[in-house]
*Asks:* 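Could you have a look at this structure, given as structure tokens, before my questions?
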Amino acid sequence: MDETRRKLTTIFCADVQDYTRLMGADEEGTLASLKRCREAMGRLIESHGGRVINTWGDGLIADFPSVVEAVRAAVDTQNELAGFNASRPSDGRMLFRIGINLGDVIVEGDDIYGDGVNIAARLQASAAAGGIVISSTVYDQVRNKVAVGFEFLGPLAVKNVDEGVPSYAVRIGDASNDAQPGEWPAARPPRPAAVMTEPQPAPQRRRSFAMLGVVSAVLVGINLLTWDGVFWAHFPLLAFAVIAALAWNRSQTRFDRRLAALAILALGFICINLFTWSGTFWAVWPILGVAAVSGLRWSMRR
């Protein structure tokens with residue numbers, strides 16, 4: 001038998017609003033949409049360091065070692081699904097509700113149990129369609145670390161838990177919009193993905209990019225002032241460009257992050273080959289390897 005143990009983890013629960021109605025209207029179309037949405041959700045959960053534990057019907061449960069990454073995964077999920085639903089009729093949208101809780105759970109094999117899971121499921125059930133609700137334990141960890149707004153919902157009654165669980169709705173998008181008290185922006189009709197899914201660089205990231213730009217300019221200046229017929233600065237410039245591209249890739253949600261990282265590396269190999277050109281295009285071999293890995297990655301997502 002698997003060993004039973006406990007751990008502190010972040011529990012992520014999601015299900016589809018009005019799933020029974022959607023199945024009654026179009027079983028095959030609803031199942032196809034559910035599969036597509038689950039694939040996108042699973043990819044985003046994995047990219048944020050999470051693990052899908054189980055799926056049942058229209059539900060999904062995952063856990064994360066990081067509270068911040070769990071909330072970021074939820075926000076990225078709702079943004080990406082908003083783009084998926086934007087072109088669908090209002091009565092055919094597949095809107096997920098997500099609940100997140102940080103709690104101590106029982107681990108048996110690959111499954112988790114306990115009040116921590118029950119609270120996450122209750123938070124999910126109380127979320128608006130297309131919305132996210134988190135517990136106060138999650139809020140305390142992410143309130144100054146994730147670029148979203150929060151609305152206090154008060155204590156939430158949970159079965160087998162004596163006291164109510166303070167909960168917060170995550171306000172996706174501009175927290176300063178014209179939402180009325182008690183209205184959750186996440187529950188509004190979704191905006192196109194081009195508007196919602198491309199996060200703005202964080203101040204720290206902007207400073208890092210600016211620093212790389214300054215260092216690059218200094219290196220070019222040194223190369224020109226000590227010119228001896230060789231432009232050697234293009235090698236550190238290429239390294240800086242790859243570092244900046246990989247840093248951007250960590251926060252973008254428009255493309256699969258692993259595939260994008262492989263593409264960045266392939267372009268890096270091409271540039272190195274061109275900078276050291278001796279009549280042989282040797283970069284074709286590492287590019288072929290990158291293409292093979294990308295193909296396997298794509299086929300596993302189908």
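Every heavy atom of this structure was used, including side-chain atoms; hydrogens, water molecules and symmetry mates were not. Residues: numbered from 1 along the sequence shown. Note that the structure is predicted; figures quoted are calculated from it, not measured.
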*Asks:* Nearest heavy-atom pair of Asn101 and Gly116: which atoms, and what distance?
*Replies:* ND2-O, 3.0 Å
*Asks:* Might you point out which heavy atoms bring Leu34 and Phe96 nearest each other, and give the distance in Å?
*Replies:* CD1-CZ, 3.9 Å
*Asks:* So, for Ala14 and Met41, which heavy atoms are closest and what is the spacing to 0.1 Å?
*Replies:* CB-SD, 4.1 Å
*Asks:* Can Glu80 and Arg43 be said to form a side-chain contact (heavy atoms from CB on, under 4.5 Å), step by step?
*Replies:* CA-CA 11 Å; Glu80 183 155 328; Arg43 169 173 54 82; 2.4 Å; yes
*Asks:* Are any of the side-chain heavy atoms of Ile134 and Val142 separated by less than 4.5 Å?
*Replies:* yes
*Asks:* Determine whether a donor-acceptor pair (N or O, by modelled atom type, separation under 3.5 Å) exists between the side chain of Glu151 and the backbone of Ala169.
*Replies:* no
*Asks:* Same cluster or not: Val148 versus Phe152, using hydrophobic residues (I, L, V, M, F, W, Y) connected whenever any side-chain heavy atoms lie under 4.5 Å apart?
*Replies:* yes
*Asks:* Under the salt bridge (charged side-chain N to carboxylate O under 4.0 Å, His left out) definition, can you give me all pairs with a residue in residues 47-66, not counting sequence neighbours?
*Replies:* Lys7-Asp63, Arg51-Asp63
*Asks:* Give the minimum heavy-atom separation between His48 and Arg72, together with the two atoms involved.
*Replies:*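 In this case the closest contact between His48 and Arg72 is CE1-CB, 3.6 Å.
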*Asks:* Answer yes or no: does atom CH2 of Trp56 have more than 12 heavy-atom neighbours from other residues, nucleotides or ligands under 6.0 Å?
*Replies:*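 Counting neighbours around CH2 of Trp56, more than 12 heavy atoms of other residues, nucleotides or ligands fall under 6.0 Å, so yes.
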*Asks:* Which heavy atom of Asp91 sits nearest to which heavy atom of Leu22, and what is that distance?
*Replies:* O-CD2, 3.7 Å
*Asks:* Go through it in stages, so that I can follow the logic: the residues are Arg6 and Glu108, the test is salt bridge (Lys or Arg N to Asp or Glu O under 4.0 Å), and I'd like the CA-CA distance, side-chain angles, deciding distance and then a yes or no.
*Replies:* CA-CA 9 Å; Arg6 303 189 73 96; Glu108 280 192 355; over 6 Å; no
*Asks:* Find the distance between CG (Asp15) and CZ (Arg97) and round it off to the nearest 0.5 Å.
*Replies:*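 Rounded to the nearest 0.5 Å, the CG-CZ separation comes to 4.0 Å.
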*Asks:* Indicate yes or no for a side-chain donor-acceptor contact from Ser66 to the backbone of Glu69 under 3.5 Å, with no hydrogens or angles considered.
*Replies:* yes
*Asks:* From Phe84 CZ over to Leu95 CG, what is the distance, rounded to the nearest 0.5 angstrom?
*Replies:*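 Interatomic distance, Phe84 CZ to Leu95 CG, rounded to 0.5 Å: 10.0 Å.
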*Asks:* Taking the side chain as C-beta and beyond, is there a heavy-atom pair between Val75 and Ile132 under 4.5 Å?
*Replies:*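 Yes, close enough: below the 4.5 Å cut-off.
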*Asks:* Answer yes if the side chains of Ser278 and Thr280 hold a donor-acceptor pair under 3.5 Å, and no otherwise.
*Replies:* no
*Asks:* Quick one, Ser135 and Leu123 - any side-chain contact, counting heavy atoms below 4.5 Å?
*Replies:* yes
*Asks:* Are Leu60 and Val52 close enough, and set up right, to give a side-chain contact (heavy atoms from CB on, under 4.5 Å), and what steps lead you there?
*Replies:* CA-CA 7 Å; Leu60 177 147; Val52 175; 4.2 Å; yes
*Asks:* Give the cluster check for Leu267 versus Leu212: same hydrophobic cluster or not, with ILVMFWY residues linked at side-chain heavy-atom distances below 4.5 Å.
*Replies:* no
*Asks:* Using only atom types and a distance under 3.5 Å, with no angle test, would you say the side chain of Asn223 pairs donor to acceptor with the backbone of His234?
*Replies:* no
*Asks:* Rounded to the nearest 0.5 Å, how far apart are CD1 of Ile270 and CG of Leu265?
*Replies:*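 The CG atom of Leu265 is 11.5 Å from CD1 of Ile270, to the nearest 0.5 Å.
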*Asks:* Once you round to the nearest 0.5 Å, how far does CH2 of Trp232 lie from CZ of Phe275?
*Replies:* 13.5 Å
*Asks:* Looking at side-chain heavy atoms only, is the closest gap between Phe240 and Leu219 below 4.5 Å?
*Replies:* yes
*Asks:* Do any N or O atoms from the side chain of Asn273 and from the backbone of Ala283 form a donor-acceptor pair under 3.5 angstrom?
*Replies:*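 Pair found, side chain donor or acceptor close to backbone of Ala283.
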*Asks:* If you look at every heavy atom in Ser167 and Leu156, which pair is closest and at what distance?
*Replies:*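 What the structure gives for the nearest pair is OG-CB, 4.1 Å.
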*Asks:* Does Ser33 offer a backbone N or O that forms a donor-acceptor pair with the side chain of Arg38 under 3.5 Å?
*Replies:*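 No, because the side chain of Arg38 does not come within donor-acceptor range (under 3.5 Å) of the backbone of Ser33.
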*Asks:* Would you indicate whether the side-chain heavy atoms of Leu246 and Ile264 approach each other to under 4.5 Å?
*Replies:* yes
*Asks:* Roughly how far, to the nearest 0.5 Å, is OG1 of Thr10 from CD1 of Ile100?
*Replies:*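 Here the interatomic distance stands at 8.0 Å.
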*Asks:* Hey, are the side chains of Leu238 and Ile272 touching, using non-hydrogen atoms and a 4.5 Å cut-off?
*Replies:* yes
*Asks:* How far apart are the C-alpha atoms of Phe150 and Arg171, what are their side-chain angles, what is the distance that settles it, and do they pass the side-chain contact (heavy atoms from CB on, under 4.5 Å) test?
*Replies:* CA-CA 5 Å; Phe150 301 95; Arg171 302 179 60 181; 5.8 Å; no
*Asks:* Which label fits Phe12 and Phe64: parallel for a plane angle under 30°, tilted from 30 to 60°, or perpendicular past 60°?
*Replies:* tilted
*Asks:* For Val138 and Tyr168, run side-chain contact (heavy atoms from CB on, under 4.5 Å): C-alpha distance rounded to whole Å, both residues' side-chain angles, the deciding distance at 0.1 Å, then the answer.
*Replies:* CA-CA 9 Å; Val138 173; Tyr168 295 79; over 6 Å; no
*Asks:* Verify the cluster assignment for Ile106 and Ile11: are they in a single hydrophobic cluster under the rule of side-chain heavy atoms below 4.5 Å apart?
*Replies:* no
*Asks:* Would you say the side chain of Ile287 lies within less than 4.5 Å of the side chain of Phe281, judging by non-hydrogen atoms?
*Replies:*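 In short, these two side chains touch, coming nearer than 4.5 Å.
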*Asks:* When hydrophobic residues are tied together by side-chain contacts of less than 4.5 Å, even through go-betweens, does Leu153 share a cluster with Val165?
*Replies:*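 In one cluster with Leu153: Val165, yes.
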*Asks:* Under a 4.5 Å cut-off applied to non-hydrogen side-chain atoms, are Val68 and Gln141 in contact?
*Replies:* no
*Asks:* Taking Val220 as the starting point, is it possible to reach Ile222 by hopping between hydrophobic residues whose side chains are less than 4.5 Å apart?
*Replies:*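 In one cluster with Ile222: Val220, no.
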*Asks:* Answer yes or no: is there a donor N or O on one side and an acceptor on the other, between the side chain of Asn85 and the main chain of Arg88, under 3.5 Å?
*Replies:* no
